[in-house]
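The block underneath contains the structure these notes are about, expressed in C-alpha cells.
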Amino acid sequence: MAATTKNFSETAPADTSANPPGRSPLVAILGATFGTGNHGVSALASGTVSAIRKGLPGARIVVIDYDNEPVTWHDNIGHESVPVELINLRFSKRISLPNNVARLIAIAILIRLVPVKSWRRALVQKSTWLSRIAAPDLNLSLNGGDSFSDIYGLARLAYVVLPQLLLLLLERPLIQLPQTHGPFKTSFARIVARYILKHSWIVYSRDHEGVAVVKELLGPRGRAARFAYDMGFALEPTSPTNTYVEQLVNLKAKGPLIGFNVSGLLAIGGYNGKNMFGLKSDYWQLIDTVLTRLLNDPANHILLIPHVFGPETNTESDVNACQQIMAKFGKRYPDRLHYFRGNFDHHETKYIIGQCDFFLGSRMHACIGALSQCVPAVGLAYSRKFAGVMELVGKGACVIDLRTLDIAEIANALDQAWSQHKEMRTDLLAKMPSLRSSVLELCVQPEIHSLLSK
C-alpha cells in the first residue's frame, strides 16, 4: 500500500532545486496524483512512475498538482518504495496565496516580457515557487486521462491546463503522455488545446481517434501525435490483507467469479444529475439487468468492486453505489452477490480485479486493471474513450456503449461476451505481455532521452 507522509508547511514545497551537472534527472508528473481517491488517476500515476524508473533509472520524481499542503507519497514499484513529492499549487480565489496558480502565471507572464533569456532565468530563480516548478528536466502531462476536453465543462479543462500553461511560460519542456484528446465542443476549448499541443515537445495519444483530433487541431504542418497504450496497463497489483485473500479463494472455489464495477458518477446522473453523458437507458435498470442475466446461472458469483473511493458525502463515490446495490439487491441474491467493505489502494484493487474470471466496468481504468491481468473485460461506456482504448487490446475486450444501446441490446451484448469469455482470455494471454512491455518502455525511447540534453 502506498504510504503518505505530510509536510504541514504551506509556504514552500519540498526542495527540488537543480543539482550540478551529472545529477539524476528530475521528472515531474502533471494531471495524475495519488490523493484523489480515484484509482484510475492513481493507476496512471503509478504506471508512469514505473515507466520513469525503467527508462530513467535513478530519476527523482515529483508531482505538480493542487493541494492545500505538500505531501510525499511512497509508491511500491516492484520491491522498491519510490518517494514521490507533491509540489502543491492552489486553485483558489485567494490570489494572495504564494502558490496560487493564477498568481504564478501572472508573474511568469511579466518575466516573459524581459527580453534576455538569462535575465528571465535569474528572475525565476529568485522566486521560491517558480524555481521549484521550473526545476524538473521533463514534465509529463496526463490530464487525468480524459480531462483534456470540455466534456466535463470548461472549469475542469482550466484546472488541468493552468499548470501546463505555467510551465510553458517558464520555457520548460512539456510532454503529453498517452491520454484521450477531445472532444472540444467550444471554440475557447479548441483554442486552449491548440496552444498547449502546439508548444508540447511530444504528444502521445492512447487511441487513434486522438491522433486524428491532434492533427485536425494543429493542421498538416503541426506536430503529429503518436499512438501509445494507456499508462494504467503498467500498474502493479499488490495483495490486500490475508483476510481478503482468503475470501477471494473461497469465492473462486464456489464457481465463476465475475467482477462488477459500478460508477457512482453514472448512478447520480453525472455532475449535473441530469443524465449528463446521455445514457440511453436508466443506469439502475442497467444494474438490475446485469445482475439478473449473470446470476441466472446458479454457479455464478458477482463481486462488486469500487474504483473511486471517498467519504459518504462524496455522492459520485463508487463505494456509495455499491452499498446501495447491496441494500437493494442483496436479499434477492443473498449468497451470490458480494462486496468487500475495505478501503483498498489502487494496487490492492487491481489485485482483487485480477482474481476474477470475467469483469464488467463502468470505470475505464477498472477495465484496464482487468485486461492487463488477462481477465476478459466488458466496458460499460459513457464516452468514446472506452472504445478508443479497449478495442486496441483485441478480442479480449468488449465495449458496450450505454449512450447508443437500449437495455435489450445491452443484455444481448452481455450474453455474447459472457459466452465467449474463455476465448477472450486466450487472446489476452497471447497479447498482453508485449503490450504491457511497450508501456513500461515509453521512457526508454531516444526522443525522451534527447530532451535531457537540451
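Predicted model, so just to flag it, every value in this text is computed and none were measured.
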Gap separating the [atom1] atom of [X] from the [atom2] atom of [Y], nearest 0.5 angstrom:
X      : Y      : atom1 : atom2 : value
Ile368 : Asp230 : CD1   : CG    : 4.0 Å
Arg403 : Ser281 : CZ    : OG    : 13.5 Å
Asn261 : Met364 : CG    : CE    : 12.0 Å
Asp401 : Tyr382 : CG    : OH    : 12.0 Å
Glu236 : Ser372 : CD    : OG    : 11.0 Å
Arg194 : Ser187 : CZ    : OG    : 9.0 Å

So does [Y] get a backbone contact from the side chain of [X], meaning a donor-acceptor N/O pair under 3.5 Å?
X      : Y      : result
Arg223 : Ser200 : yes
Gln125 : Ala122 : no
Ser127 : Val124 : no
Asn76  : Ser81  : no
Gln445 : Glu441 : yes
Asp137 : Leu26  : yes
Asp318 : Gly264 : yes
Glu348 : Pro237 : no
Gln179 : Ser141 : yes
Asn314 : Glu316 : yes

Hey, are the side chains of [X] and [Y] touching, using non-hydrogen atoms and a 4.5 Å cut-off?
X      : Y      : result
Leu110 : Leu123 : no
Leu177 : Leu442 : yes
Leu248 : Phe340 : yes
Tyr152 : Asp146 : yes
Tyr229 : Leu392 : yes
Leu89  : Leu104 : yes
Ile352 : Leu303 : yes
Leu337 : Leu304 : yes

Might you point out which heavy atoms bring [X] and [Y] nearest each other, and give the distance in Å?
X      : Y      : value
Asn320 : Pro311 : ND2-O, 3.9 Å
Arg90  : Asp67  : CD-O, 3.0 Å
Phe233 : Arg436 : O-NE, 3.3 Å
Ala51  : Val439 : CB-O, 3.8 Å
Leu371 : Gly396 : CD2-O, 3.4 Å
Gly379 : Phe386 : CA-CD2, 4.0 Å

Stepwise side chain to side chain contact (heavy atoms under 4.5 Å, CB included) check, Leu266 with Trp284: CA-CA 9 Å; Leu266 296 185; Trp284 284 99; over 6 Å; no
Quick check on the 6.0 Å ring-centre criterion: do [X] and [Y] meet it?
X      : Y      : answer
Tyr244 : Tyr351 : no
Phe184 : Phe148 : yes
Tyr159 : Phe91  : yes

Geometric class of the His199/Tyr195 ring pair [parallel <30°, tilted 30-60°, perpendicular >60°]: tilted
Criterion salt bridge (charged side-chain N to carboxylate O under 4.0 Å, His left out) on Arg120 and Glu171, from CA distance to verdict: CA-CA 10 Å; Arg120 296 198 297 268; Glu171 302 173 88; 3.0 Å; yes
Strictly by modelled atom types, are [X] and [Y] linked by a side-chain donor-acceptor pair under 3.5 Å?
X      : Y      : value
Thr243 : Gln247 : no
His347 : Asp75  : yes
Gln176 : Gln164 : yes
Thr186 : Asp150 : yes
Asn275 : Tyr283 : no
His365 : Asn38  : no
Ser46  : His346 : yes
Arg156 : Ser147 : yes
Arg206 : Thr180 : yes

Under the salt bridge (charged side-chain N to carboxylate O under 4.0 Å, His left out) test, residues paired with Arg384 that sit two or more places apart: Asp207, Glu209
Heavy-atom neighbours of Tyr271 OH exceed 12 at 6.0 Å: yes
Val27/Val62 under side chain to side chain contact (heavy atoms under 4.5 Å, CB included): CA gap, chis, key distance, verdict: CA-CA 6 Å; Val27 182; Val62 297; over 6 Å; no
Sequence-distant partners of Phe329, ring-ring contact (aromatic ring centres under 6.0 Å, His included), two or more places apart: none
Worked check of side chain to side chain contact (heavy atoms under 4.5 Å, CB included) between Val82 and Arg53: CA-CA 9 Å; Val82 179; Arg53 299 300 282 187; 4.0 Å; yes
Stepwise side chain to side chain contact (heavy atoms under 4.5 Å, CB included) check, Lys280 with Leu402: CA-CA 6 Å; Lys280 193 167 185 179; Leu402 306 185; over 6 Å; no
